[in-house]
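Notes follow once the structure below has been shown.
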Amino acid sequence: PESVPRAKTTEPINEKLMEVSKGFESILTNQMLSVMRKTVVKDGMIPESHAEKVYQAMLDSEYSKTLADTGQLGLAKMVYEHMLQKMQTK
């Protein structure tokens with residue numbers, strides 16, 4: 001495994017575990033965006049088409065992946081550290 005500099009120390013990083021942690025953050029963020037989008041009141045003047053719904057779902061998915069990859073929410077890091085700690089105690 002490669003070494004990745006962290007804020008206080010340099011520790012080896014488990015790439016597969018980080019990938020899974022980012023995937024979890026992406027899925028959770030996608031679900032949040034989907035639920036939040038459902039709360040938006042639509043004016044009804046122009047009905048929402050099926051194509052628009054598909055596009056919005058794809059856009060939300062890409063937003064979620066980007067958020068997970070940039071680490072701005074920090075959820076993947078927390079999941080990674082928690083799971084790493086659990087793996088080390090076994």
Do you know which two heavy atoms are closest between Ser26 and Ser64, and how far apart they sit?
O-CB, 3.3 Å

Rounded to the nearest 0.5 Å, how far does CD of Glu81 lie from CD of Gln85?
9.0 Å

In this structure, OG of Ser21 is separated from NZ of Lys77 (nearest 0.5 Å) by 12.0 Å

So if you build clusters from Ile, Leu, Val, Met, Phe, Trp, Tyr with side-chain heavy-atom gaps below 4.5 Å, do Phe24 and Val20 land together?
no

Review item, side-chain donor-acceptor pairs of residues 27-34, under 3.5 Å, at least two apart:
unit_1 : atom_1 : unit_2 : atom_2 : d
Thr29  : OG1    : Glu25  : O      : 2.7

Kindly check if the number of other-residue, nucleotide or ligand heavy atoms within 6.0 Å of CE (Met87) is above 12?
yes

Is there a side-chain contact (heavy atoms from CB on, under 4.5 Å) between Lys22 and Val79? Walk through the geometry before answering.
CA-CA 9 Å; Lys22 286 181 179 182; Val79 169; over 6 Å; no

So, does Tyr80 use its side chain to make a donor-acceptor pair with the main chain of Asn14 at under 3.5 Å?
yes

Salt bridge (charged side-chain N to carboxylate O under 4.0 Å, His left out) filter on Lys65, not counting sequence neighbours, yields Glu62

Residues clustering with Leu67 (ILVMFWY side chains joined when closer than 4.5 Å, directly or via others)
Leu73

Under 3.5 Å, which donor-acceptor pairs link side chains of residues 38-49 to any protein atom two or more places apart or in another chain?
unit_1 : atom_1 : unit_2 : atom_2 : d
Thr39  : OG1    : Met36  : O      : 2.5
Asp43  : OD1    : Met45  : N      : 3.2
Ser49  : OG     : Glu52  : N      : 3.1

